[in-house]
Amino acid sequence: MNKAITDGVLLAPPAFAGGLDVWSSQDGTPGSDTYENSAAAAFVPADADFGGCLELVKTDATQKLRYMGETPLLPGCYVQVRARVKAVSGPLPSLRIAAWAGGAGGAHVGGVLEQGPSITLTTYGEVVEITAIIGAGARNGVDMVWGAEALYAHIGLDMTGTTGGVVRIDDIEVEDITSAFLRDMLAMVDVRDYGAVGDGVTDDLAAFEAADAAANGRVVLVSKGTYLLGDSMTFESRVRFEGTVEMAPEHVFALTKDFNLPAYIDAFGNEELANKKAIQALFQNVDHESLDMDGRRISIDAPIDVSAVVGRTNYATRRLIHNGQFDVQAGAAWDTEVFTSQATYSLSADYTLSGVTNIASIPVGALVEGSGVGREVYVRAKNVGAQELTLSKKLYDAAGTQNFTFRRFKYVLDFSGFDDLGRFCMSDIEFRLKGEASGICLAPKGLIFSVENCFFTGPKDRGISSPGEGCQGMLIDRCQFLSDEGQTVSQDRVSIALNANGNDVKLRNNRVVKFRHFAVLGGSGSIISGNHFFQGDGEDAGLRVAGIVLTGTNCRATIDGNYIDNCFIEWTNEHDNEPDFASEYSFSQLNIADNIFLASHVAPWFSFIIVKPHGPGHFINGLNVQGNFFRVIGNTIDRVERVDTSFAGFDYSRMNNVNWNDNMYNAIGVSTVNPLVITHKEQTESDTWQISGAPQLPFGGWARKVESVVAEGAIRNAANVKRFEMPYVEVGQGLEKDEVHVKWEQAVRGTVVVSMRVDSPI
């Protein structure tokens, strides 16, 4: 590259033969003294070594020679000034290339070196060449580093030493030698060429911006060094990092052409910091909607508060992080914080704890524990002045004042600092949690948080937590949740793969291994499909805990096509602050279809489907259990379903819309079915035939409906005479009300096929 050739830029000053009126004895600025008609200078037209040259007598302590014209200093260019000199007579002086640095508006650029290396003449008549290089960047070989402010120079030389010496100076030459510094001028622009210093102290932002602006399709090179940037920086060009960048946490570093994690690691030299800066840029509306981790493993020493990193509390534009691994490193930063405070709960303020002592220390996102508190209730927000905590769910039996425990788990990615976060996605990421940390904590509010093809390996407490409704419409697809409690017996495990409070959650095609629970779901409209979750252990007649926990009565959920292994589905109303049945739908709208249920070496009273009302008066008001496979290995169990009466039983007189059929049972004592079709043979004449639905009617319920009574063969009386009268039925008979009585006009015998139901379908 040579600007004199490519752009016709005039760099060299005119020859001395043109006159000395453009050569100054001062700085060369307009109005300074010249050598025209000076006794100290004369043009020599025919020197044996130089031809035409300037003869200069040293009369001052520092004899200056400056060209009064402006030699341009173009951004990214380096110029070399050369002068050949020889001593003629008198004391032998020292000489050096020198220049005056000029900036915008003719102002002097202060604080820069304006002299090159000095050479002392030792012999009369010997031709000596003195040189110096001027440029913006502090590169090896550059003698005068002037930065980006200098726009031109008044070039020349200085003569120092004892006065009285006479020297002759050949015409001064200036050439563009930028190519000597750049490895590939057609493809790369170095930030040092635009004034970047790289000492970690000087603010190099302006130089970075200038290099980016000048790149014009070329790559910007950040050479070796540490570059401090005093504000946000957006690169519109591709960037190659040999050095590293430092900037304040609130400043954004955006690589629009190289937006991937490895580029940020190169830029900042620290994986964890680079990850934060890349995430920050992702949320600042750069030209990319996704951050590619490029398969990198990032060591994480402490939780990442994503809201604090990005400087936002609300965001609803789709963003994706994908293709990498977070590797947790052990340390105190992951320790669970535990607080105990007294607080009051009132049914009239059903999502609030009031009068909370020590409220300032209780963090948002903490798990709430106490008497009458259901599973997975979190602190959603707090008002320190009012001493009030907002809860993610209601408490079923906590009215009054008591001591509550608050546990704040630590998550690799913690979004709880957001007020509202929507449309955030993660895919193809492994969270290597190693029993030290939890995975993801969602925002208190948000729509459609998506996690796909991710691994959560060894969560200490939780894989994914929702402390509010940031899980509304959440999608968890094709993920692996691998517990750190594989060697712990089922009932002693504490880790949970995920919870959700919002509606319309989709859990699909996941594999979940040996947690206490796979999912605790407090919303409605959930779809749980194609998952394999297993929670067994090696205990004989071992206890089992729920895989799926549904905490709302009118759940409007479907559980289909899953492999439910050594755990069960639990349906409760533990997030109802008034759990007694009132004017509500009760337990309704749940579909359990086409699943594989398997258990091994469990106690006989184990069941695969358990309903647990926390208050009296409840009943089934819509349940479909169809096309499932139920199997037990190693022993048998009594039945596949039951009501947990720890708090209350069912009102069987109100059972409605229960469809339980086309299921298959192995090693199950009772094959539950509804409607139940029974072939009953009455051997001895009777006018009342007692036909029991026990124990096959669901949940051991009442026989509330008879759909049909069909005689199979002749009905005969004691005289063996066929009888054709129509019987009637009485339902809900017997001590357990699980019998149907078929009533005849007279005592008869025979066989009937009766279809009875535990419910009264609408």
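Starting from 1, each residue takes its place in the sequence as its number. Every heavy atom of this structure was used, including side-chain atoms; hydrogens, water molecules and symmetry mates were not.
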Exercise. Heavy-atom count around Arg631 CZ within 6.0 Å, excluding the residue itself: above 12?
Worked result: no

Seminar exercise, completed: Here the gap from Ser427 atom OG to Leu320 atom CG, rounded to the nearest 0.5 Å, amounts to 4.5 Å

Exercise. Is it true that a side-chain atom of Glu469 and a backbone atom of Lys445 form a donor plus acceptor pair closer than 3.5 Å?
Worked result: no

For this session: Using the six-membered ring wherever Trp is involved, compare the ring planes of Phe456 and Phe481 and label them parallel, tilted or perpendicular (cut-offs 30° and 60°).
Result: parallel

Exercise. Can you check whether Val549 reaches Leu521 side chain to side chain, under 4.5 Å on heavy atoms?
Worked result: no

Exercise. Are Asn666 and Phe630 close enough that some pair of their side-chain heavy atoms sits under 4.5 Å apart?
Worked result: no

Exercise. If you measure from the Lys or Arg side-chain nitrogens to the Asp or Glu carboxylate oxygens, is any gap between Lys612 and Glu574 under 4.0 Å?
Worked result: no

Problem set entry | Phe629 vs Tyr665, ring-ring contact (aromatic ring centres under 6.0 Å, His included): CA-CA, chis, key distance, verdict | CA-CA 6 Å; Phe629 300 83; Tyr665 302 87; over 10 Å; no

Exercise. Sub-3.5 Å donor-acceptor pair from the side chain of Asn562 to the main-chain atoms of Ile528, do we have one?
Worked result: yes

Exercise. Say you draw a straight line from CG of Asn501 to CG of Leu442; how long is it, rounded to the nearest 0.5 Å?
Worked result: 10.0 Å

Exercise. Is Arg639 paired with Glu641 through a side-chain N to carboxylate O contact shorter than 4.0 Å?
Worked result: yes

Problem set entry | Any Phe534 side-chain heavy atom under 4.5 Å of Val513 side chain | yes

Which pairs would a plain distance check flag for residues 721-738, meaning a side-chain donor or acceptor within less than 3.5 Å of a matching protein atom at least two apart in sequence or in another chain?
from   : atom 1 : to     : atom 2 : distance (Å)
Arg723 : NE     : Glu725 : OE1    : 3.3
Gln733 : NE2    : Val731 : O      : 2.8

For this session: Inspect the contact between Glu570 and Arg375 and indicate whether a charged nitrogen and a carboxylate oxygen are less than 4.0 angstrom apart.
Result: yes

Problem set entry | side chain to side chain contact (heavy atoms under 4.5 Å, CB included) partners of Arg556, counting only residues at least two apart | Ser524, Asn554, Gln589

Exercise. So, Thr457 and Glu430: side-chain donor and acceptor under 3.5 Å apart, yes or no?
Worked result: yes

Seminar exercise, completed: Between Arg478 and Asn510, the two heavy atoms sitting closest are N-OD1, 3.2 Å

For this session: Return the minimal non-hydrogen interatomic distance between Val658 and Arg757, and the atom names on each side.
Result: O-NH2, 2.9 Å

For this session: Any chance you could measure Ser600, atom OG, to Ile633, atom CD1, to the nearest 0.5 Å?
Result: 6.0 Å

Exercise. How long is the gap from CZ on Phe518 to CD1 on Ile569, to the nearest 0.5 Å?
Worked result: 11.5 Å

For this session: Indicate whether the side chain of Asp759 and that of Asn674 have a donor and an acceptor atom separated by less than 3.5 Å.
Result: yes

For this session: Run the numbers on Thr672 and Trp660 for side-chain contact (heavy atoms from CB on, under 4.5 Å), then give the verdict.
Result: CA-CA 7 Å; Thr672 305; Trp660 196 300; 3.6 Å; yes

Seminar exercise, completed: Test side-chain contact (heavy atoms from CB on, under 4.5 Å), reference Phe608, set Val602, Leu598, Val632, Val625, output is Val632

Problem set entry | Pairwise side-chain contact, Val494 with Thr488, heavy-atom cut-off 4.5 Å (strictly under) | no

Problem set entry | Side-chain donor or acceptor of Trp689 paired with backbone N/O of Val740 under 3.5 Å | no

Exercise. What heavy-atom pair brings Pro698 and Val673 nearest, and what distance separates the two atoms?
Worked result: CD-O, 3.5 Å

For this session: Report the residues that fulfil side-chain hydrogen bond (donor to acceptor under 3.5 Å, both in side chains) with Ser416, sequence neighbours left out, ordered by chain and then residue number.
Result: Arg408, Asp414

Exercise. What residues, two or more places apart in sequence or in another chain, satisfy side chain to side chain contact (heavy atoms under 4.5 Å, CB included) together with Asn577?
Worked result: Tyr345, Leu347, Asp350, Lys394

For this session: List for me each residue that meets side chain to side chain contact (heavy atoms under 4.5 Å, CB included) alongside Val677, sequence neighbours excluded, and say none if there are none.
Result: Val753, Ser755

For this session: Go through Asn628 and Phe597 one step at a time and tell me if the side-chain contact (heavy atoms from CB on, under 4.5 Å) criterion holds.
Result: CA-CA 7 Å; Asn628 300 285; Phe597 289 87; 3.7 Å; yes

Problem set entry | Close side-chain approach of Asn656 to Ser760, heavy-atom, < 4.5 Å | yes

Problem set entry | Parallel, tilted or perpendicular, as decided by the 30° and 60° cut-offs, for the rings of Phe568 and Phe606 | perpendicular

For this session: Side-chain contact test, heavy atoms from C-beta onward, threshold under 4.5 Å: evaluate it for Leu353 versus Thr344 and give yes or no.
Result: no

For this session: Go through Phe619 and Phe587 one step at a time and tell me if the ring-ring contact (aromatic ring centres under 6.0 Å, His included) criterion holds.
Result: CA-CA 6 Å; Phe619 53 93; Phe587 288 88; 8.8 Å; no

For this session: Check whether the side chains of Thr688 and Ser686 place a donor and an acceptor atom closer than 3.5 Å, and report yes or no.
Result: no

Exercise. With no hydrogens and no angle check, do the side chains of Tyr585 and Thr553 hold a donor and an acceptor under 3.5 Å apart?
Worked result: no

Exercise. Can you check whether Val710's main-chain N or O pairs, donor with acceptor, with Ser708's side chain at less than 3.5 Å?
Worked result: no

Exercise. Side chain to side chain contact (heavy atoms under 4.5 Å, CB included) with Ala648: which residues, sequence neighbours excluded?
Worked result: Pro616

Exercise. Can you name the one residue among His517, Lys514, Glu485 that meets side-chain contact (heavy atoms from CB on, under 4.5 Å) with Ser495?
Worked result: Glu485

Exercise. Going by an N to O cut-off under 4.0 Å, is there a salt bridge joining Arg544 and Asp537?
Worked result: yes

For this session: Give me the ring orientation class for Phe647 and His614: parallel if the planes are under 30° apart, tilted from 30 to 60°, perpendicular past 60°.
Result: parallel

Exercise. Is the shortest heavy-atom distance from the side chain of Val368 to the side chain of Phe404 under 4.5 Å?
Worked result: yes

Problem set entry | Residues Glu682 and Arg749 bridged, charged N to O under 4.0 Å | no

Exercise. Sub-3.5 Å donor-acceptor pair from the side chain of Gln690 to the main-chain atoms of His741, do we have one?
Worked result: no

Exercise. Taking all non-hydrogen atoms of both residues, which atom of Tyr378 and which atom of Pro467 are closest, and how far apart?
Worked result: CB-CA, 3.6 Å

For this session: Considering only NZ, NE, NH1 and NH2 on the basic side and carboxylate oxygens on the acidic side, decide whether Lys393 and Glu376 come within less than 4.0 Å.
Result: no

Exercise. Will you find, in the side chains of Ser588 and Asn621, an N or O donor that is under 3.5 Å from an N or O acceptor?
Worked result: no

Exercise. Is there side-chain contact between Leu623 and Phe699, with at least one heavy-atom pair below 4.5 Å?
Worked result: yes

Problem set entry | Reported CD-to-CG distance for the pair Gln626 and Asn661, which is rounded to 0.5 angstrom | 4.5 Å

